[in-house]
Amino acid sequence: MHRQWPASASRCRCGFGVYMTYPYTAFREEIHTALARAIRKEYGTDVAVRLEAPSEHADAAFPCFPLAGVAKASPRDIARRLAAGMEGEWIDRVEAVNGYLNFFICPEQLGREVLSLVDAMGDRFGALEDRGTSVIVEHTSANPNGPLHVGRARNPIIGDTLARLFRWAGYRVETQFYVDDMGKQVATLLWGIRNLDLKTEGDKEDHRLVAYYQRAHARAAEDEEVDEQIKDIIRRCEEGDPEALGAVKEAYRGVLAGILQSLERINISIDSFVEESRFVREGTVQQVIQRLQESPYAGREGGALYLDLEPFGVHGRNKKFFLTRTDGTSLYATRDIAYHLWKAQQADRLVNVLGEDHKLEAQLVEIALTILETTVPVPVFYSFVSLPEGKMSTRRGRVVHLDDLIEEAVERAHREVKKRREVPEETARHIAEKVGTGAIRYNIVKVRPEKAITFRWEDALNFEGQSAPFIQYAHARCCSILRKAGDAGVSPLPGSGFDHLQEIRLLKTIALFPDVVESSSQSCNPAALAEYAHTLAADFNLFYRDCQVLGSDREEQRLALVRATQITLRNALELLGIAALEEM
RNA sequence: GGGCCCGUGGCCCAGCCUGGAUAGGGCGGCAGCCUCCUAAGCUGUAGAUCGGGGGUUCAAAUCCCCCCGGGCCCGCCA
């Protein structure tokens, strides 16, 4: 029923080499210590203290049920008995209810600490201390044969959000795009560009060039001669022929540029691009084949090398994992192994964002990497995005391109802005761009990756409720209040003394942010972050409704709380790659 | 046929890893709230056999088994 706290503590670097403990971490540690002591004293036993995360019942709860057996007492009695000795600077009060020990955090202490921490850390509030660990996040890695469609866009959005999360969680992060420059897709594209004379329209290269790919694909299907010519390109690439590889690169360059333009518009940039062919050129694929054929699992069928994966629990047809063809040339997965060996040399951890269709391949590669005794990557699989009428298919013209979705979302946002406020056109354009693209990112990232998505325009263009604009709007409201208060308005550390229900609720949610960074990064679950951002915005809206800020006799404290909310919302949006607008 | 994943009010999603207190949100429906810090907001209301069935347990949406429905995969393709 209830979530548990993240296993490890969240701490931050505050100022110069001074480490501070985030409020809820301190609260939790205090409870752990007090509980362990009390349980040992009362029942003479050591149990692992598991606390439940904040809920409507308590800010932290300890279920006494598991203790009932050893303590030979009812959970209710245990709770009552343990409640007596619980105190500390963070623990405001303890209640024994229904066999639970419910802890409440001290609002005074929380108010003081949260406000000073947010003030001191600013746009680093929520960040965790450096772990001295590096991680490479591989994402997108789309075949550069045409523009991104909405289905493929799930990959960069998940990947980029994960990369941002890891950075905040204290890792040194690099993102990589693995460029498949040896496959049939790019070879087909090259053939098309060389042999076809098409009139193409559009102002982005990926949209112009995809027509060559599509037409060439169709030609290859009906003309064996064409198919042979394409296969010849692939063959030469696999042999590492620099001329062929250069030509392929020249062909896909424009498509890739177009893809990157689209990604840039949704605030995604990728640190480095790694060409698959380099592992052939540099001979590392051959080394992989060499090393694996010496392993006890190697076998041959015809001239083709394979690994027998039966000892690893792989059965059926998949147990023979082929590394080469009969002619000795490498296969996609073999080159992927070489890529991972290379990656393992430059980072401590590897995370790969992959479509669920790559599950089997990833499993096989993982086993090979285990045999080679190197870093095994952590995969994050996502399910496909389909349309109400079925699977997305470029060939059948049943796709929604990311660029079209962006256009539509931005245009719709623009209409909304014009409808609501009178602002200069330039401002309206800016807001519309950030609202529209933010809505797209949020709409995709809020759903857990393993859930299949059916794309519906009305969901994608929803600007209310669980959406980016809802969160952006709360942020804009904060900014508006702060703007009106003026420079002198917010003193950094007013005496705390929050007592309104909504003030305290908001304070608690702000304080939870570092824990969300910790847990969602550890579980590679950006959807949890998206949910948090919505909760924070919703809690602010309640505060906004019930607590007048400007002109109230508590103006100073409340302004400080608004400021802390604004910073936390901005940081959460930054993690989601969504613009924190100051006005909407 | 085999493997992996998903199945929570009309619709979409969280909670499942690590079992516990009235199953949370959002959209849509209905009824309301702008002389007051931006109504992309807020309030109320109706609506749930947590796909079905067994099992484990003091306790199951959560763990185990079986079944049903959907997705993905099962090339010397990428």
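Throughout, protein chains are lettered first and strands after them, A, B, ... in sequence-line order, and every chain is numbered starting at 1. Please read all numbers here as calculations on a predicted model, not as lab measurements. Any value given below was found using the heavy atoms of this structure, including those in side chains, with hydrogens, waters and symmetry copies removed.
Among the atoms of the strands shown, only primed sugar atoms or phosphate atoms (P, OP1, OP2) are found under 4.0 Å from some heavy atom of A:Phe384. As judged by a 4.0 angstrom heavy-atom cut-off over every strand, A:Pro75 is placed among residues making no nucleic acid contact. Backbone-only engagement by A:Glu464 is indicated by non-hydrogen atom pairs under 4.0 Å involving sugar-phosphate atoms exclusively. Across all strands shown, A:Leu542 has heavy atoms under 4.0 Å from sugar-phosphate atoms exclusively, and none from any base. As judged by a 4.0 angstrom heavy-atom cut-off over every strand, A:Asp459 is placed among residues making no nucleic acid contact. A:Val435 comes within 4.0 angstrom of a nucleotide base, judged by non-hydrogen atoms across all strands. The residue A:Gln472 sits apart from the nucleic acid: no heavy atom pair falls under 4.0 Å. Nucleic acid contact class of A:Phe470 (heavy atoms, under 4.0 Å, all strands): sugar-phosphate only. Residue A:Glu301 is classed as a base contact, given a heavy-atom separation below 4.0 Å to a base. If you check every strand for non-hydrogen atoms under 4.0 Å, A:Glu450 touches sugar and phosphate atoms only. Using a 4.0 Å heavy-atom distance criterion, A:Leu550 is classed as a base contact. Among the heavy atoms of the strands lying under 4.0 Å from A:His534 are primed sugar atoms or P, OP1, OP2 only; no base atom is included. Among the protein residues, A:Tyr544 comes within range of the nucleic acid bases, having at least one heavy atom under 4.0 Å from a base atom. In this structure, A:Ala476 reaches the bases: a heavy-atom distance under 4.0 Å links it to at least one base atom across the strands shown.
The base of B:A78 has none of its N or O atoms less than 3.5 Å from a complementary donor or acceptor on the side chain of A:Asn143. For A:Ser383 against B:C72, a side-chain-to-base donor-acceptor contact under 3.5 Å is absent.
Pair assignment for B:U49 gives none, since no Watson-Crick or G-U wobble pairing has each distance under 3.5 Å. Across the strands present, B:U57 finds no partner; the criterion is a Watson-Crick or G-U wobble pair with both atom distances under 3.5 angstrom. If you check B:G41 for Watson-Crick or wobble pairing at under 3.5 angstrom, you find it paired to B:C33. Both distances falling under 3.5 Å, in either a Watson-Crick or a G-U wobble arrangement, place B:G7 opposite B:C68. When Watson-Crick and G-U wobble pairs are counted only if both distances are under 3.5 Å, B:C16 pairs with no nucleotide at all.
Cation-pi geometry between A:Arg412 and A:Phe463 is met: under 6.0 angstrom from the ring centre, within 45 degrees of the axis. For the pair A:Arg93 and A:Phe104, the cation-pi test (distance below 6.0 Å, angle within 45°) is passed. Cation-pi check for A:Lys359 over A:Phe381 is met; the charged atom lies under 6.0 angstrom from the ring centroid and within 45 degrees of its normal. Taking the ring axis of A:Phe62 as reference, the NZ or CZ atom of A:Arg50 does not stay both within 45° of it and closer than 6.0 Å to the ring centre.
Comparing A:Asn541 and A:Glu361 against RNA chain B, the residue whose closest nucleotide sits nearer the 5' end is A:Asn541. Positionally, the nearest nucleotide of RNA chain B for A:Pro469 lies more toward the 5' end than for the other of A:Lys391 and A:Pro469.
The aromatic ring of A:Tyr100 sits over the base of B:A21, with ring centres less than 5.5 Å apart and planes inclined by under 30°. Stacking between A:His57 and B:A21 is shown: the ring centroid lies under 5.5 Å from the centre of the six-membered base ring, and the planes differ by under 30°.
Atom name C1', nucleotides B:A21 and B:A59: the rounded distance is 11 Å, in whole Å. Rounded to whole Å, the separation between the P atoms of B:A14 and B:G26 comes to 15 Å. Comparing B:U62 with B:C5, their P atoms sit 16 Å apart, to the nearest whole Å. Spacing between B:A31 and B:C68 at atom P, rounded to whole Å, works out to 45 Å. Rounded to whole Å, the P atom of B:G70 lies 15 Å from the corresponding atom of B:C12. Comparing the same atom, P, in B:C33 and in B:A39 gives a spacing of 15 Å after rounding to whole Å. For the P atoms, the distance from B:G51 to B:C11 is 13 Å, rounded to whole Å. To the nearest whole angstrom, the two P atoms, one in B:C4 and one in B:C65, are 10 Å apart.
When atom types are taken as modelled, the side chain of A:Tyr532 and the backbone of A:Thr509 share a donor-acceptor pair closer than 3.5 angstrom. In terms of modelled atom types and a separation under 3.5 Å, the side chain of A:Asn525 and the main chain of A:Ala527 share a donor-acceptor contact.
Under 4.0 angstrom from either OP1 or OP2 of B:A78 there lies at least one side-chain N or O belonging to A:Arg325. For the pair A:Arg76 and B:A21, the criterion of a side-chain N or O lying under 4.0 Å from OP1 or OP2 is not met. The shortest distance between the side-chain N/O atoms of A:Tyr178 and the OP1/OP2 oxygens of B:A78 is not below 4.0 Å. In this model, the phosphate group of B:G25 is not approached by any side-chain N or O of A:Lys446 to a distance below 4.0 Å at OP1 or OP2. Taking side-chain N and O atoms only, A:Arg448 has a distance below 4.0 Å to OP1 or OP2 of B:G15.
Its glycosidic angle being within 90° of 0, B:C34 falls on the syn side.
For the pair A:Gly151 and A:Val385, the tightest heavy-atom approach, listed with the atom from each and the gap, is CA-CB, 3.6 Å.
Heavy-atom contacts from other residues, nucleotides or ligands closer than 6.0 Å to NZ of A:Lys319 number 12 or fewer.
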